[in-house]
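Let me begin by presenting the structure, written as structure tokens, before commenting on it.
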There are 2 protein chains.
Amino acid sequence: MQRVTIAQVAERAGVSTATVSRVLSRRGQVSAAVERKVRRAADDLGYQVNVIARALRNSRTDTVGMVVPSITNPFFTSLVESVEHALGKEGKELFLCDARSDPRIEARRLASLAARNVDGIIVSPSHGVDSRPAVQQTADRLPLVQLDRFVDGTTTDWVGVDDVAAMRQVMDHLHDGGARSAAFIGSLMTHSSTEQRFAGFRRRAEELNIEVKPDQVLLGDYSVEWGEAAVARLIAEGGLPDALVCADDLIALGATRACRAHGFVVPQQVQVTGYDDIEFSRLAEPALTTVHQPRDRIAAEAVRLLAAASLAKDAERGPHARISLVPTLVVRDSTRATQTPPDRI
Amino acid sequence: MQRVTIAQVAERAGVSTATVSRVLSRRGQVSAAVERKVRRAADDLGYQVNVIARALRNSRTDTVGMVVPSITNPFFTSLVESVEHALGKEGKELFLCDARSDPRIEARRLASLAARNVDGIIVSPSHGVDSRPAVQQTADRLPLVQLDRFVDGTTTDWVGVDDVAAMRQVMDHLHDGGARSAAFIGSLMTHSSTEQRFAGFRRRAEELNIEVKPDQVLLGDYSVEWGEAAVARLIAEGGLPDALVCADDLIALGATRACRAHGFVVPQQVQVTGYDDIEFSRLAEPALTTVHQPRDRIAAEAVRLLAAASLAKDAERGPHARISLVPTLVVRDSTRATQTPPDRI
DNA sequence: CACCTCAATGCAATCGATTACAGTCGAGTT
DNA sequence: AACTCGACTGTAATCGATTGCATTGAGGTG
């Protein structure tokens, strides 16, 4: 159970700990003969560096921390996977934390990551406002990149997609399919992502002359249940519009399900769109039209930014980057294809 | 950017580092006046312990490592969430790793966790045989609990569900619904979970006199795609049996989808069952009948075992525990309820 | 042959927090 | 008054790996 230390390897090889360290970390000059002896001894004893001790000395851990609002949301899960993959190429590891969509838990996680001397942090903040203190404070102490969502009024690097451009594509597509009225189902405006998506939705709706009744903008949270509840409410309060634009796929899946449960045919009577392109969106009945986020690109950019920030020490930190990538619309069966003759033109 | 150390706090408070440490870690006697001074100084400077240094000294990190085959599989994701929750109550944190279903990556992760001095490891091994060396080796060095799946021939603690009992429930239910023949769609027999589930399936099928054609046992992997492919193959090779018993929900979702795509009505013409009860199983069309795993219980037991193992030092490690919990069948719409008169009796 | 250079190696300090041990001091005992 | 006890506090060692500086010695130069 007790671990093998560098001192034991040194003794066995008949050299000093300094030499062992030089061999094992490939720094400094060591004669071939000694190198062989040391490696031999290390292998025999099954030596493994103590990452903790090394980290203390080097104040580098080769570990990046990541905090997401919810690990059960498939979008974040696959984002995490992409990030881990990107980090792997740099020989770094990922320390993943779930904030349970609670800014207080999020703050604890961030503090804990900082205390662990991670080399940098990637965070998708849980709340557009309440997450600010913790995020800003953490960003002051070490490299930090916000992903997908961002906190209002913070100055850190950010990588995400252009929600407004995405919504323009969605609306154009729905319009092509004959939609003349639409509802928006999102989360409370406490996430930048909902804000942006709603802004894009509203602007393009106006331009295309698609009607959006004030009481058909429903805000809850990112969950299947909320999608179901929102549709139930719409139906109870006067019926469905031509299209339901949802701020994420979970909501859209719930919405679709509720439509069908209430006897509405998707997409003939109501078109439904999602956002994120999680795996299950393709399995729904009907398969969901949604916005595909380029997760690998997002992850790669985030990792690149972190690496850059680690190099540029304190003083010389330049202005922060805001990288927004262009997402693509994935047309499936929950909307009407352009070819389909619209119902009422 | 540079961190505040205990020495700076000590200087500011006009005491020694020892005293500061005693105050901050609530150990040893310190007069009220001094305590106040120290806390004051610590707050003023925004002191935060350096977890790395503490870990080096104490050789405890209050961190548990967890390795799962795939973080994109919703079952594991929710298991992770449960574990994190259970650990939180003990003031411990979770370091999560994804093995990408590859025993080699898994081995690297395990080694890396050990090098980081985690206090214990929870692993759901990727492979029933190839994972052995790494798992056993790691278990020899620190407390380790296997979750859900386990590796053949290892002697470590394990927590999971009684797959055989679960399959008995599944088969009884299908039989009640009139099934007289069935196919099994699972992963290759490289996971203990598939093995156990198949064993339970086969045994109960015999007892109930349900026909299982040898070529209707299809083994692939835990994925939606495989479920789809397997059904396509069954149809091509002579048609579907009365029931499709799937080793997990992803497979079942794919299978259901394929059935419908080929014009088979579920559950009237084919009954389908899953395993795990992931969230999306309830959203499928039709909603999936599946086996619910008591994730919170599993997680709690695992955490308890780890804590126990950490206490009992080396020598006195008793025999290893194998805890199997009883899962429950969740009947939804992809099978025929008992009441429904079977088609052909 | 005296002296210099440079590769190879060892010594010891260092990272930051914890803690065994020792010293100080005031109050209580005899 | 001398002594004991215990509450506080400080000194310094410790965890394990890394690294600046010093040392050694072989080979080269004038």
Find the distance [X]:[atom1] to [N]:[atom2] and express it as a whole number of Å.
X	N	atom1	atom2	result
A:Asn50	C:dC15	CG	P	18 Å
B:Ile6	D:dA12	CD1	P	17 Å
B:Arg60	C:dT18	CZ	P	11 Å
A:Asn117	C:dA17	CG	C1'	13 Å
A:Ile52	D:dA17	CD1	C1'	12 Å
B:Gln29	C:dA20	CD	P	14 Å
A:Arg57	D:dG20	CZ	P	8 Å
A:Glu11	C:dG10	CD	P	13 Å

For [X] and [N], is the shortest distance between a side-chain N/O and OP1 or OP2 below 4.0 Å?
X	N	answer
B:Tyr47	C:dA17	yes
B:Ser31	D:dT9	yes
B:Thr19	D:dG10	yes
A:Thr17	C:dG10	no

**Report entry** Along DNA chain D (nearest heavy atom to each residue), the more 5'-positioned of B:Gly14 and B:Leu56
**Finding:** B:Gly14
Query - Pairwise 5' ranking along DNA chain D for B:Asn58 and B:Ala32, keeping only the more 5' one - result: B:Ala32
Report summary line: From the candidates D:dA17, C:dA17, D:dG10, the one with an atom nearest any side-chain atom of B:Val15 is D:dG10
Report summary line: Testing D:dG10, C:dC11, C:dA17 for proximity to the side chain of B:Arg54, the answer is C:dA17
Query raised in the report: For the side chain of A:Arg22 and the base of C:dG10, is some donor closer than 3.5 Å to an acceptor across the two?
Result: yes
Query raised in the report: Going by the angle between their ring planes, with limits at 30° and 60°, are A:Phe95 and B:Phe95 parallel, tilted or perpendicular?
Result: tilted
Requested in this report: Can you label the angle between the B:His127 ring and the B:His191 ring as parallel, tilted or perpendicular, going by 30° and 60°?
Outcome: perpendicular
**Report entry** Check: B:Ser78/B:Arg295 side-chain N/O donor and acceptor closer than 3.5 Å
**Finding:** yes
Query raised in the report: Do B:Glu93 and B:Thr63 meet the criterion of a side-chain donor-acceptor pair at a distance under 3.5 Å?
Result: no
Report summary line: Between A:Val161 and A:Pro294 the two heavy atoms that sit nearest each other are CG1-CD, 3.7 Å
Requested in this report: Have a look at B:Ser21 and say if it touches a base, only the backbone sugar-phosphate, or nothing, with a 4.0 Å heavy-atom cut-off.
Outcome: base
Query - Nearest-nucleotide 5' precedence on DNA chain C, B:Val20 against A:Ala53 - result: A:Ala53
